[in-house]
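The residues of the chain are indexed from 1 along the displayed sequence. Hydrogens, waters and symmetry mates play no part in the numbers below; they use all other heavy atoms, side chains included.
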Amino acid sequence: MSRKAVKTVAIVIAAVMVITTLSCMMFLSSSFGAESAAAATTVLEQKYLNEKMKELEYYFKLIHDNYKDEVDYETLVNGAFEGAMYSLGDPYSVFFTDNSEGQGFVEGTIGEYEGIGVTMSVNGDGFCEVVSVTPKAPADKAGIKVGDVIVKVDGQDVTKKSLDEISAMAKGKAGTNVTLSVTRAGKEMTFAMTRETIKVVSVYPEMLEGNIGYILLTGFETGAAKEFKKAKDDLIKKGAKSLIIDIRNNPGGLMDTVVEIADGLIAKGDITHLKDRVGIFETVSATPKDIEKVPMALLINEYSASASEVLAGALKDNKAAVLVGTTTYGKGVAQIIGYTKDKQVYKVSVYYFLTPDKHDIQGVGVAPDYPVRNSLGEFRAAAAELYRHFAPFAENTKPKPGDTGLNVFAAQQRLALLGFSLEVNATMDEATVAAVKRFQSEQGLYAYGTLDLTTMRKIEEVAVEYVTNDSKEDMQLKKAIELLKKGL
């Protein structure tokens, strides 16, 4: 797929900088799906659909005319639309029954919105966790941090509400007030803030020691590619001989933007592949050209998601940069955003995106070349005490997918502490196997999802190092600087 084609269909890997789910999306064009044989509805399917639509109409009328309370058809129809998405079992496919909520979601993708400036996703325990905070936005000024779990909005318990419901509660017009209660290191904290109209600034350049240019890239919104190019060019003019790009805690953004940024960093080669139920159907490639090669390091962590993972995969597989940090989030599903005739917004997952070497991102993430975890800082003492009560690796077993036992439980406790998303249930379920694979990949081990002896020893080693690291330095940034000074 050419860059022009990418722009034509306006593919979006959304970083919605109000409270919502991490999403990967593209806006629905009138021709979407027209050439997809896999998506074509057969004659028999159409006949079945026609029959069921007549039955659904009868069902609506039955409820409308006989339900104990008054109910309008709009409520019933919205329920059917919402239910169709819910039946997919996919948290990223949503029908917005609230028009203002849906429109706010769409507006959030273009880089300006009214809100508090956080992005949130469901963590391994099923709660809503902050994964990104916009610098100088209300949430940042109030003291909200990445990793906080939101439990109340304006004093109301939201632990059993969906992300979209929490989004509707937390966002609002500029100038209005809201309070968020979060749990952090086992303690509940409440923060008051005033919502603002936030113009997203995604690029923050800085010159570091040793003629190293540094660019913090917080999102891939409209205009970020031009900001990035200008920042990169300015740093080189000021004498930068190498470059660090920091996409830690970056939840994503526009595909067009990440393709443009990657294209400016890669002389030639693929950027990403798009895969549907049949297989790879499009490849996005860089424009072949001569570019000045600048040694680069890319900083990543477990909150680098979606478009960030496109950039990480592109730079890693094309050997354009070394990756330092921890394995990325693992969000490799893209969606379309569309409207009903009544202008109600929906989003539905339609394909996966892969790295240039055709590695899956969904549930796996992109592993760093140099695994480095930063100190837990103020949470280290609490984490060390928690670790002291962890189960030991005491069984003479090598748990594989589907197995249960103490070794599984011990591994899950440590992997959860290290930031991997899973449930601590002593079972090698799908999420645990995915976490084990991600850990194995990150550590340069054979990534096959079995807890062999080498993997368990490494999990223990990394966990101990993590809870005993009392450094106040940014160890990931320090490692990147060290590598660039050594000439990689």
Side-chain angles (χ1 to χ4, degrees), residues 14-23 75 78-79 82 85-86 91-109 111-200 218-219 249 251-252 303 305 329 331 344-347 379 421:
V16 184
M17 301 304 289
V18 293
I19 297 181
T20 185
T21 57
L22 290 172
S23 301
T75 298
N78 281 345
E82 188 176 21
M85 290 295 191
Y86 181 79
Y92 304 107
S93 295
V94 176
F95 178 82
F96 294 93
T97 55
D98 185 313
N99 284 347
S100 61
E101 182 183 338
Q103 193 55 39
F105 178 82
V106 173
E107 289 172 356
T109 67
E112 184 172 310
Y113 61 93
E114 293 182 322
I116 60 172
V118 302
T119 303
M120 184 175 66
S121 186
V122 178
N123 65 17
D125 296 321
F127 296 118
C128 299
E129 182 176 330
V130 175
V131 297
S132 176
V133 181
T134 303
K136 299 182 181 179
D140 183 39
K141 289 184 285 188
I144 298 290
K145 297 182 181 296
V146 170
D148 286 349
V149 174
I150 297 181
V151 293
K152 294 177 185 175
V153 178
D154 284 333
Q156 183 177 343
D157 190 318
V158 296
T159 55
K160 295 183 179 179
K161 293 184 179 294
S162 70
L163 295 184
D164 293 320
E165 288 174 316
I166 298 171
S167 172
M169 295 174 66
K171 70 182 181 181
K173 291 189 175 296
T176 60
N177 299 322
V178 65
T179 61
L180 262 61
S181 296
V182 306
T183 56
R184 182 188 299 170
K187 297 180 180 179
E188 184 172 313
M189 309 167 71
T190 299
F191 300 89
M193 60 205 83
T194 301
R195 301 177 179 100
E196 298 177 3
T197 298
I198 301 167
K199 176 66 177 176
V200 178
T218 62
N249 306 321
Y303 297 117
Y329 186 85
K331 181 67 178 66
Q344 287 181 281
V345 179
Y346 59 86
K347 57 188 178 109
F379 309 116
S421 181

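- Between Val130 and Ile150, some side-chain heavy-atom pair lies under the 4.5 Å cut-off.
- Taking 4.5 Å as the limit, every side-chain heavy atom of Val149 sits out of range of all side-chain heavy atoms of Val182.
- With sequence neighbours left out, the side chain to side chain donor-acceptor pair (under 3.5 Å) criterion links Asp154 to Thr179.
- Here Glu114 contributes atom CD and Lys173 contributes atom NZ; the two are 6.0 Å apart, rounded to the nearest 0.5 Å.
- Expressed to the nearest 0.5 Å, how far CD of Glu196 lies from NZ of Lys141 amounts to 3.5 Å.
- For Ala185 against Phe379, the heavy-atom pair with the smallest separation is CB-CD2, 3.1 Å.
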Candidate pair Thr159 and Phe127, rule side-chain contact (heavy atoms from CB on, under 4.5 Å), full reasoning: CA-CA 6 Å; Thr159 55; Phe127 296 118; 3.9 Å; yes
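- Between Lys145 and Phe191 the shortest side-chain heavy-atom distance does not fall below 4.5 Å.
- Take Phe95 and apply the ring-ring contact (aromatic ring centres under 6.0 Å, His included) test, not counting sequence neighbours, and it matches Phe81.
- Between Met193 and Ala139, the closest heavy-atom pair is SD-CA, 3.9 Å.
- In this structure, the side chains of Arg195 and Val178 come closer than 4.5 Å at one or more pairs of heavy atoms.
- Distance check, rounded to the nearest 0.5 Å: CD of Glu129 to OG1 of Thr183 gives 9.0 Å.
- Closest non-hydrogen pair, Ile198 versus Gly115, comes out as CD1-O, 3.6 Å.
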Stepwise side-chain contact (heavy atoms from CB on, under 4.5 Å) check, Asp140 with Thr134: CA-CA 7 Å; Asp140 183 39; Thr134 303; over 6 Å; no
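- Note that OH of Tyr346 is 12.5 Å distant from CZ of Phe96, once rounded to the nearest 0.5 Å.
- For the pair Leu180/Asp148, no side-chain contact is recorded, criterion being any heavy-atom separation below 4.5 Å from C-beta on.
- When all heavy atoms of Ala137 and Gly117 are compared, the pair lying nearest together is CB-CA, 4.0 Å.
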Full working for side-chain contact (heavy atoms from CB on, under 4.5 Å) between Lys161 and Ile166: CA-CA 7 Å; Lys161 293 184 179 294; Ile166 298 171; 4.1 Å; yes
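- A distance-only check finds a donor-acceptor pair linking the side chain of Ser132 to the backbone of Asn249 [under 3.5 Å].
- Taken from OG in Ser181 to CE in Met189, the straight-line distance is 10.5 Å, to the nearest 0.5 Å.
- Annotation: side chain to side chain donor-acceptor pair (under 3.5 Å) contacts of Gln156 (sequence neighbours excluded): none.
- Residues Thr194 and Pro138 approach most closely at O-CG, 3.2 Å, considering heavy atoms.
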